[in-house]
Amino acid sequence: MRQGDLDEALTAFREGLAVAENLAEADPHNADWQRSLSDSFNSIGEALMAQGKLGDALEYFHKGLAVSDRLAEAHPNHPDAQAGLATSHANIGLVLMLRGEAASARQSLREARLVVVRLKDQGTDVTSILELYEAALSKLEAVAMSLEEKDAGAAGDALQQARDLFAKIKELSPGDDAFLARLDAAIVNLRKTIAAEPDVADPTPSAD
């Protein structure tokens, strides 16, 4: 996927999903296998989103959310289960935003932020990261609200700020940069929208 070969990535992800489904079905109470199942759904959603197939991506992100929701309910004090739930809601919110469904996107992003707030309140060794995550999700909520209000300039500013916050998270916790890539795609998409509407100011923050 990082090499840009999305068709091959999808093939590999679907093969992984078949294995994850078999394992999860064989032992529904195994949290690790359930998380693997959710991760597989999300991976396919990420590849589909990168291909611009937003409807299909949304379908797989919803499947991942269903698994994450069950895990989070069964393990209310488990950080990984709660973090997975937040990520699922955030994935859906970003796709909905790209589809132009700003109100629904804002609701999904709010759900993601509330999960992060609850997780932060439990007190963990990654509180600083959770604070950044909460702030980033708040910015994404602001993006959705600005889009609802047809304020493309404010939406662009908030989207770039959210992207910068997620970049800081990646610095503190190096790992998969898929969400950053999706934010970059969202920024490009918004700029294209604004280019098609010459009366709307360019939302990209200035160098100053």
Find out whether [X] and [Y] are in side-chain contact, i.e. whether some heavy atom of one side chain is under 4.5 Å from a heavy atom of the other.
X: Phe61; Y: Leu65; value: no
X: Val115; Y: Val117; value: no
X: Thr87; Y: Asn91; value: yes
X: His75; Y: Leu71; value: yes
X: Met1; Y: Phe13; value: yes
X: Asp56; Y: Gln51; value: no
X: Leu98; Y: Met49; value: yes

For the atom pair [atom1] ([X]) and [atom2] ([Y]), what is the distance rounded to the nearest 0.5 Å?
X: Thr127; Y: Ile129; atom1: OG1; atom2: CD1; result: 9.5 Å
X: Leu54; Y: Leu94; atom1: CG; atom2: CG; result: 9.5 Å
X: Ser138; Y: Gln161; atom1: OG; atom2: CD; result: 11.5 Å
X: Leu17; Y: Leu37; atom1: CG; atom2: CG; result: 6.5 Å
X: Glu131; Y: Leu165; atom1: CD; atom2: CG; result: 12.0 Å
X: Phe41; Y: Ser68; atom1: CZ; atom2: OG; result: 10.0 Å

Non-hydrogen atoms of [X] and [Y] that approach each other most closely:
X: Gly45; Y: Ala57; result: O-CB, 3.4 Å
X: Ser38; Y: Ser88; result: OG-OG, 4.3 Å
X: Ala162; Y: Leu140; result: CB-CD2, 3.6 Å
X: Ala142; Y: Ala158; result: CB-CB, 4.1 Å
X: Ala154; Y: Asp151; result: N-OD1, 3.1 Å
X: Gln122; Y: Pro76; result: NE2-O, 3.2 Å

Inspect the contact between Asp32 and Arg35 and indicate whether a charged nitrogen and a carboxylate oxygen are less than 4.0 angstrom apart.
yes
Going through the distances and angles, do Gln82 and Asn77 end up as a side-chain contact (heavy atoms from CB on, under 4.5 Å)?
CA-CA 8 Å; Gln82 299 302 315; Asn77 297 316; over 6 Å; no
Lys53 and side chain to side chain contact (heavy atoms under 4.5 Å, CB included): which partner among Leu58, Leu48, Leu6?
Leu48
Do you know which of Arg110, Lys120, Lys139 makes salt bridge (Lys or Arg N to Asp or Glu O under 4.0 Å) with Glu134?
Lys120
Identified salt bridge (Lys or Arg N to Asp or Glu O under 4.0 Å) partner of Arg106 from the options Glu148, Glu141, Glu101
Glu148
Going by side-chain heavy atoms closer than 4.5 Å, which hydrophobic residues are tied to Leu23, directly or by a chain of links?
Val19, Trp33
Step by step, work out the side-chain contact (heavy atoms from CB on, under 4.5 Å) result for Met97 and Leu109.
CA-CA 10 Å; Met97 192 186 300; Leu109 293 165; 3.6 Å; yes
Quick one: which residue pairs count as a side chain to side chain donor-acceptor pair (under 3.5 Å) with a foot in residues 13-29, not counting sequence neighbours?
Arg14-Tyr60
Does a donor on one side chain sit under 3.5 Å from an acceptor on the other, for Asp164 and Gln160?
yes
Please walk me through it: do Leu137 and His89 pass side-chain contact (heavy atoms from CB on, under 4.5 Å)?
CA-CA 10 Å; Leu137 290 170; His89 280 301; over 6 Å; no
